[in-house]
Engineer: 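Pasting a structure below so you can have a look.
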Amino acid sequence: MKVEQLYTGCLAEAAYYIVSNGEAAIIDPLRETQPYLDKLKEDGVELKYIFETHFHADFVSGHLDLSAKTGATIVYGPTATPNYDVLVAHDGQDFPVGDVTIRVLHTPGHTMESTTYLLIDQNGKEHSIFTGDTLFIGDVGRPDLAIKSDLTQEDLAGYLFESTRNKIMPLSDDVIVYPGHGAGSACGKNLSSKTWDTLGNQKKTNYALREDMSKEEFIKEVTTGLLPPPQYFPKNAMMNKMGYESFDEVLTRGVKGLSVEEFKNLRKEGALVLDTRNTPEYEEGHVPGSWFIGLDGNFAMWVGALIHDIHQPIIFIAPEGREEEVVTRLSRVGYDKAKGFLKGGIQAWMDAGEEIETVTSIEPKELEKLYNGEESNIVDVRKNGEFTAQHIEGAIHYPLDYINEHVNDLDKEKTYLVHCAGGYRSVVAISILKANGYQNLVNVHKGFSGIQKETELPITEYVCPTSML
């Protein structure tokens, strides 16, 4: 028996690959299928089942394409009603894979179809659980993401309490917990950076699994402090429920090389120009009005959070040789309308005599000299929890996550000094603000980390994040 966790950092998402005696199962695959097909070929095994833990909200699963290419059966848990052929399992149903068994444990609460899969090894021993978004390391799934549910988040949290107590906690302490996500995912509030643990340790350390916790206390704790989910979540969940275009078609269309003239024409027709290079390259020169979301940050998450129209045509500038990666990572969150990339990149744009813009940046020490207390023009674009934990006294909080809803809240005639934690998100924010008519924006290199280490600027007293839940 082999169990392999396939973790994708930019989505903080884990898929799972299980092999036993010539047969395989995959749990919660990503959109692109080739990595799974390569593994199957390398191991010389047949994919028998594709298990989905629920209708994912934060990424588009690859179950449909993978099933079409392998003939494997797609399995959902009880109450799932997808718009395509699947096997909807009943609670407790067993699925043999080689010499092992995968058992369905219906665990509603994150969503009503949410299901945990229990792996029983060749000796009949309970080995591990694949919990999807029901149970994370250090947390449980948020109960406010169900598709068009008549149930309140409190109702769903109540189901989640019963699921954890009746289906998961009775299992042996040495059972391994393999969750659907790790730290960085917006599917929970306080996910650990660990990507697996024993159930026994989770019973000791996970706040949501305290044995002395009443159902009412659980509901209150799980629903307190929930921020609005990223706007793309319900759109991805609906794609997973209803079906989607083949990834191969999306990729073929998206990796088309465009001349400068073709690039300009598509922009005139309404395509968004997305620059996916690294931060210094964008600062040094970019197409005016282009949005910066660098591939080397949490690219897919920020695309989903910031580009509100999932059907938005996109043309892009990419690091050379990474054009296919851009289209792949866009498609993981359902942005399937990439129309191509600029051949030759920014150099081709300049060689054609086209105008470029730059981003003015300063070091933390320069920010210290410009600081003027309560009348500060420092803009902090970090998340709510980061800002509340600690920030520069007098700084304006303008979180990147919600920038599009508040793009006119600042004074377009004023100069602002913009920072995040390390220097990536601040440039993303500046690119969007510039595209909306702001001109006097200055980026602070190294972000809050550099400000703390290199300056004596007044910083608020630290507030432990756990006290904000």
Side-chain angles (χ1 to χ4, degrees), residues 1-18 26-30 51 53-54 56-59 102 105 107 109-110 114-119 121 125-143 145 160-161 163-165 167-211 213 218 221-222 225-227 230 296-301 332 383 385-386 389 421-422 449 464-469:
M1 178 181 76
K2 176 171 74 171
V3 179
E4 187 174 353
Q5 183 184 67
L6 308 173
Y7 198 80
T8 304
C10 78
L11 284 172
E13 190 272 346
Y16 296 93
Y17 175 63
I18 302 163
I26 292 176
I27 300 173
D28 292 341
L30 285 184
F51 293 98
T53 56
H54 65 295
H56 307 283
D58 60 309
F59 71 98
I102 296 176
L105 304 179
T107 50
H110 173 67
S114 285
T115 295
T116 292
Y117 295 103
L118 170 64
L119 174 62
D121 71 16
K125 185 179 187 303
E126 296 174 349
H127 177 274
S128 51
I129 48 174
F130 303 87
T131 56
D133 290 16
T134 295
L135 175 64
F136 298 125
I137 307 306
D139 203 354
V140 288
R142 55 192 294 172
L145 301 180
L160 188 56
F161 177 84
S163 292
T164 54
R165 268 62 188 174
K167 296 294 183 67
I168 292 176
M169 291 178 69
L171 298 172
S172 301
D173 285 353
D174 61 353
V175 165
I176 299 169
V177 178
Y178 286 123
H181 294 288
S185 170
C187 293
K189 293 189 299 184
N190 192 36
L191 280 68
S192 170
S193 58
K194 293 176 64 175
T195 61
W196 64 275
D197 197 3
T198 63
L199 181 57
N201 195 51
Q202 281 303 290
K203 290 176 185 178
K204 295 175 183 176
T205 60
N206 189 323
Y207 78 96
L209 300 188
R210 295 200 315 266
E211 290 188 1
M213 179 185 281
F218 179 94
E221 289 204 34
V222 168
L226 289 174
L227 295 172
D296 294 326
N298 286 329
F299 176 75
M301 290 184 188
R332 287 176 181 168
K383 292 179 179 292
E386 295 172 285
S449 175
C464 179
T466 56
S467 68
M468 294 182 286
L469 295 179

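Position 1 is the first residue of the sequence, and the numbers go up from there. What you are looking at is a predicted structure, and each value in this text was computed from that prediction instead of being measured.
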Engineer: What is the minimum heavy-atom distance between L6 and E4, and which atoms define it?
Structural biologist: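 Heavy atoms only, the tightest pair is CD2-OE2, 3.5 Å.
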Engineer: Considering all heavy atoms of both residues, which atom of P179 and which atom of W196 are nearest to each other, and what is their separation?
Structural biologist: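 Distance-wise, the nearest heavy atoms are CD-CA, 4.3 Å.
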Engineer: P29 and A15: which non-hydrogen atoms are nearest, and at how many Å?
Structural biologist: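 It is CA-CB, 4.1 Å.
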Engineer: Hey, does the side chain of E13 reach the backbone of L30 with a donor-acceptor pair shorter than 3.5 angstrom?
Structural biologist: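 No: the side chain of E13 does not pair with the backbone of L30.
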Engineer: T107 side chain to T116 main-chain N or O, any donor-acceptor pair under 3.5 Å?
Structural biologist: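 At least one qualifying donor-acceptor pair exists.
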Engineer: Please report the closest heavy-atom contact between L191 and A183, naming both atoms and the distance.
Structural biologist: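 Here L191 and A183 meet closest at O-CB, 3.6 Å.
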Engineer: For the residue pair Y178 and Y16, does the interplanar ring angle fall in the parallel (under 30°), tilted (30 to 60°) or perpendicular (over 60°) class?
Structural biologist: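 Judged by the thresholds at 30° and 60°, the geometry between Y178 and Y16 is tilted.
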Engineer: Taking H127 as the fixed residue, which of I18, L118, L119 is the one that meets the side chain to side chain contact (heavy atoms under 4.5 Å, CB included) rule?
Structural biologist: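 Only match with H127 under side chain to side chain contact (heavy atoms under 4.5 Å, CB included): L119.
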Engineer: Applying side-chain hydrogen bond (donor to acceptor under 3.5 Å, both in side chains) between N206 and each of K204, K203, Q202, report the one that passes.
Structural biologist: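 Single side-chain hydrogen bond (donor to acceptor under 3.5 Å, both in side chains) partner of N206 among K204, K203, Q202: Q202.
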Engineer: How close do T134 and S114 get, heavy atom to heavy atom, and via which atoms?
Structural biologist: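 For T134 versus S114, the nearest heavy atoms are OG1-CB, 3.8 Å.
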Engineer: Rounded to the nearest 0.5 Å, what's the gap from CE on M169 to CZ on R210? Could you check?
Structural biologist: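 If we round to the nearest 0.5 Å, M169:CE and R210:CZ are 10.5 Å apart.
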Engineer: Answer whether the closest heavy-atom distance between the side chains of L227 and K383 falls below 4.5 Å.
Structural biologist: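 L227 vs K383: side chains apart.
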Engineer: Under the side chain to side chain donor-acceptor pair (under 3.5 Å) test, which residues partner T131, sequence neighbours left out?
Structural biologist: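 Expected list: none.
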Engineer: Looking at side-chain heavy atoms only, is the closest gap between F136 and V177 below 4.5 Å?
Structural biologist: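 Side-chain contact under 4.5 Å: no.
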Engineer: By ring-ring contact (aromatic ring centres under 6.0 Å, His included), which residues pair with Y117, not counting sequence neighbours?
Structural biologist: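 Y117 satisfies ring-ring contact (aromatic ring centres under 6.0 Å, His included) with F51 only.
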Engineer: Would a distance-only check, ignoring hydrogens and angles, find a side-chain to backbone donor-acceptor pair under 3.5 Å from D28 to G132?
Structural biologist: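 Between the backbone of G132 and the side chain of D28 there is no qualifying donor-acceptor contact (under 3.5 Å).
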Engineer: With no hydrogens and no angle check, is any side-chain donor or acceptor of H110 less than 3.5 Å from a backbone partner on R142?
Structural biologist: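 Present.
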Engineer: Do T53 and I27 come within less than 4.5 Å of each other through their side chains, counting heavy atoms only?
Structural biologist: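 Touching, per the 4.5 Å side-chain cut-off.
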Engineer: Quick one: pull up CD1 in I176 and CG in N201 and give me the separation to the nearest 0.5 Å.
Structural biologist: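 It comes to 12.5 Å.
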Engineer: Within the distance-only criterion (no hydrogens, no angle test), does the side chain of Y7 pair as donor or acceptor with the backbone N or O of G182 below 3.5 angstrom?
Structural biologist: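 Yes, the answer is positive, given that a donor and an acceptor are paired below the 3.5 Å cut-off.
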Engineer: Rounded at 0.5 Å granularity, tell me how far CD1 in I168 sits from CD1 in I129.
Structural biologist: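 Result: 5.0 Å between the selected atoms.
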Engineer: Is there a side-chain contact between L145 and D133 in this structure, where contact means two heavy atoms from C-beta onward sitting under 4.5 Å apart?
Structural biologist: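 The answer is no, as the side chains (C-beta and beyond) never meet within the 4.5 Å cut-off.
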Engineer: Measuring from atom CD of E126 to atom OG of S172, what distance do you get when rounded to the nearest 0.5 angstrom?
Structural biologist: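 It comes to 5.0 Å.
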Engineer: Between atom CG of D296 and atom SG of C10, what is the distance when rounded to the nearest 0.5 Å?
Structural biologist: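 The SG atom of C10 is 10.5 Å from CG of D296, to the nearest 0.5 Å.
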Engineer: From Q5 CD over to S128 OG, what is the distance, rounded to the nearest 0.5 angstrom?
Structural biologist: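 Taking CD in Q5 and OG in S128, the distance rounds to 11.0 Å.
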Engineer: Taking only residues two or more places apart in sequence, or in another chain, which ones meet H56 in a ring-ring contact (aromatic ring centres under 6.0 Å, His included)?
Structural biologist: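 For H56 the ring-ring contact (aromatic ring centres under 6.0 Å, His included) partners, ignoring immediate neighbours, are H54, F59.
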Engineer: Heavy-atom count check: over 12 atoms from other residues, nucleotides or ligands less than 6.0 Å from K125 NZ?
Structural biologist: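 Yes, NZ of K125 has more than 12 neighbouring heavy atoms, counting only those of other groups under 6.0 Å.
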Engineer: For the residue pair A12 and G184, what are the closest heavy atoms and their distance?
Structural biologist: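 Between these two residues, the closest heavy atoms are CB-C, 4.2 Å.
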